[in-house]
J.: 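If you scroll down you'll find the structure; I have some questions about it.
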2 protein chains.
Amino acid sequence: MPDDRVEQAIEAIRASGGRITVDRRAIVQALVDHGDHRTVEELAQAVWVDHPGVNLATIYRTVELLEQLGIGFHVHVGHGPSLWHLSEHIHQHLVCDSCGTVIDVPDDSLDPLRRQLLESTGFEIDLHHFSMVGRCADCAGRSPDGEPAGPGGDPA
Amino acid sequence: MPDDRVEQAIEAIRASGGRITVDRRAIVQALVDHGDHRTVEELAQAVWVDHPGVNLATIYRTVELLEQLGIGFHVHVGHGPSLWHLSEHIHQHLVCDSCGTVIDVPDDSLDPLRRQLLESTGFEIDLHHFSMVGRCADCAGRSPDGEPAGPGGDPA
DNA sequence: TTCCGTGCAAACAATTTGCAATAGA
DNA sequence: TCTATTGCAAATTGTTTGCACGGAA
């Protein structure tokens, strides 16, 4: 029953004093429909299926609003546009440079790293707002470039 | 004797069949003068001190060239423009969201993380091309937000 | 009715590109 | 000379903003 999340978000908007519009509902819906992380452009495509009129600026303004409410998040992915998603649990993003796949990693799985960096450098990394880029198993293991994934690699 | 690096880079350009121009020398010099990581805009400021005529496009083209030669690198830092630097050893960048400080971390110090992610997700992170954002010791330890840096924190 | 949300088009920042003039080898 | 490099200005991409109109409350 994923529509729960739509209502949750709508409720949050209402609670904050915001107005509930067709556009906003459609945008939240698009965000919920795919657990995916998507660019504003991709969101627009999804929204336009049922609501062709919605302007890009409106989508930007809506995801920004969701972020202010603490229920929307965006991740930076190097070169390209930001990816947006709704989520209850903080997580880190691994983005494959080859195929674009996004892998979510639970936040606490990176605790050892976080602790290590904190001790050695005093630096406290922000684990959810920025992505780590690299190669997913498929792209790394089957890369024609020759170099295998390293020890433990070659999953095929 | 940091000028060594300038000659090294110049030599690499020459070896690749590129021509040595005043502009390129000035840009490499600006890159070497500060071990720092700097944006194209900042590089331009440095270059313009002695060579006011150099065009931004030229700087973009030159750092791109250096990257192609494997002696220049750029790091993505979320919102802002890319940071460029010359370096012999691969390293990871920690960029402070508050003060902008860049901390270099030797690549192998992240090996445990890399291995862990590789095993648990099959994902092989690219450790030098993208930065990790967070808070440096100063900004985290003295943050008025209340939450201290955690165990081992409070370096003062 | 009273503002908030929206469309539109222009502004923006970072970066890239086409083309003619210029300067390195 | 001959072609790579540069300057310039315009194009691109992702995103933000000002303003007047229309719709939520």
Side-chain angles (χ1 to χ4, degrees), chain A residues 9-30 37-45 47-48 50-69 72-84 95 100 129-131, chain B residues 9-28 30 37-45 47-48 50-69 72-84 100 129-131:
Chain A
I10 292 298
E11 190 47 43
I13 292 176
R14 198 194 318 275
S16 75
R19 291 176 180 172
I20 310 307
T21 68
V22 178
D23 288 13
R24 287 184 169 174
R25 202 177 274 276
I27 293 164
V28 170
Q29 187 68 253
H37 305 71
R38 355 188 58 199
T39 65
V40 164
E41 196 63 45
E42 290 166 343
L43 271 178
Q45 299 298 333
V47 168
W48 288 340
D50 288 315
H51 305 268
V54 180
N55 195 278
L56 270 187
T58 300
I59 301 186
Y60 276 104
R61 287 190 270 231
T62 300
V63 289
E64 192 183 347
L65 170 65
L66 293 172
E67 187 168 57
Q68 281 168 19
L69 298 179
F73 305 89
H74 74 278
V75 203
H76 297 284
V77 191
H79 316 270
S82 297
L83 301 180
W84 289 86
V95 181
H129 189 195
F130 294 89
S131 61
Chain B
I10 291 297
E11 190 48 42
I13 293 176
R14 199 195 317 277
S16 75
R19 292 177 181 173
I20 310 307
T21 67
V22 178
D23 289 14
R24 287 184 170 174
R25 201 176 275 275
I27 293 164
V28 170
H37 305 70
R38 355 189 57 198
T39 65
V40 165
E41 195 62 43
E42 289 166 342
L43 270 178
Q45 298 299 333
V47 168
W48 288 340
D50 288 315
H51 305 267
V54 181
N55 195 279
L56 269 187
T58 300
I59 301 186
Y60 276 104
R61 287 189 271 232
T62 300
V63 290
E64 192 183 349
L65 170 65
L66 292 172
E67 186 168 57
Q68 280 168 18
L69 297 180
F73 306 89
H74 74 278
V75 204
H76 297 284
V77 191
H79 317 270
S82 297
L83 301 180
W84 289 86
H129 189 195
F130 295 88
S131 60

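Just so we're on the same page: letters track the sequence lines, and every chain starts at 1. This structure is a prediction, so every number in the text was calculated from the model and none was measured.
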J.: Measure the distance from CD on A:Glu64 to C1' on D:dT15 and round it to the nearest whole Å.
T.: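 The answer, rounded to whole Å, is 10 Å.
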J.: Mind pulling the stems DNA chain D is in, i.e. runs of at least three Watson-Crick or G-U pairs, everything under 3.5 Å?
T.: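 In DNA chain D, stems of three or more pairs: C:1-11 with D:15-25, C:16-25 with D:1-10.
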J.: Could you run through nucleotides 18-25 of chain D and give me one letter per nucleotide, 5' to 3': B if any protein heavy atom sits under 4.0 Å from the base, S if only the sugar-phosphate is that close, - if neither?
T.: B----BBS
J.: At 4.0 Å (heavy atoms only), tell me whether B:Val40 reaches a base, stays on the sugar-phosphate, or touches nothing.
T.: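 The residue B:Val40 makes no contact with any strand.
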J.: Over all strands shown, is B:Gly17 touching base, sugar-phosphate only, or nothing at heavy-atom distances under 4.0 angstrom?
T.: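 Counting heavy atoms under 4.0 Å across all strands, no contact is made by B:Gly17.
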J.: Can you sort out the partners of B:Arg14 under side chain to side chain contact (heavy atoms under 4.5 Å, CB included), two or more places apart, ordered by chain and number?
T.: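 Side chain to side chain contact (heavy atoms under 4.5 Å, CB included) list for B:Arg14, sorted by chain: B:Ile10, B:Glu11, B:Ile20.
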J.: Could you list where the contact with chain A starts and ends along DNA chain C, reading 5' to 3', using a 4.0 Å heavy-atom cut-off?
T.: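 Reading along DNA chain C, I get C:dC3 to C:dC8.
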J.: Can you list everything that forms a side chain to side chain donor-acceptor pair (under 3.5 Å) with B:Gln68? Sequence neighbours excluded, please.
T.: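 For B:Gln68, no residue satisfies side chain to side chain donor-acceptor pair (under 3.5 Å) once neighbours in sequence are set aside.
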J.: If you pin B:Arg24 and A:Pro81 to their nearest nucleotides in DNA chain D, which one's is more 5'?
T.: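 Looking at DNA chain D, the more 5' nearest nucleotide goes with B:Arg24.
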J.: Residues in side chain to side chain contact (heavy atoms under 4.5 Å, CB included) with A:Glu42, at least two apart?
T.: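 For A:Glu42 the side chain to side chain contact (heavy atoms under 4.5 Å, CB included) partners, ignoring immediate neighbours, are A:Arg38, A:Thr39.
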J.: Can I get a per-line list of side-chain donor-acceptor pairs under 3.5 Å for residues 51-63 of chain A, giving both atom names and the distance, sequence neighbours left out?
T.:
from, atom 1, to, atom 2, distance (Å)
A:Asn55, OD1, A:Ala57, N, 2.8
A:Thr62, OG1, A:Thr58, O, 2.8

J.: May I have the distance from B:Leu66 (atom CG) to D:dT5 (atom P), rounded to whole angstrom?
T.: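 In whole Å, D:dT5 P lies 12 Å from B:Leu66 CG.
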J.: Using side chain to side chain donor-acceptor pair (under 3.5 Å) as the criterion, list what pairs up with B:Arg24, not counting sequence neighbours.
T.: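 Scan of B:Arg24 (side chain to side chain donor-acceptor pair (under 3.5 Å), adjacent residues dropped) gives none.
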J.: Run the side chain to side chain contact (heavy atoms under 4.5 Å, CB included) test against B:Ser16 and tell me which residues pass, sequence neighbours left out.
T.: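 Checked B:Ser16 against side chain to side chain contact (heavy atoms under 4.5 Å, CB included); matches are B:Leu69.
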J.: Roughly how far apart are A:Glu67 CD and A:Phe73 CZ, rounded to 0.5 Å?
T.: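 These two atoms lie 8.0 Å from each other.
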J.: To the nearest Å, give me how far apart NE2 (A:His74) and P (D:dT15) are.
T.: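 Nearest whole value for this atom pair: 9 Å.
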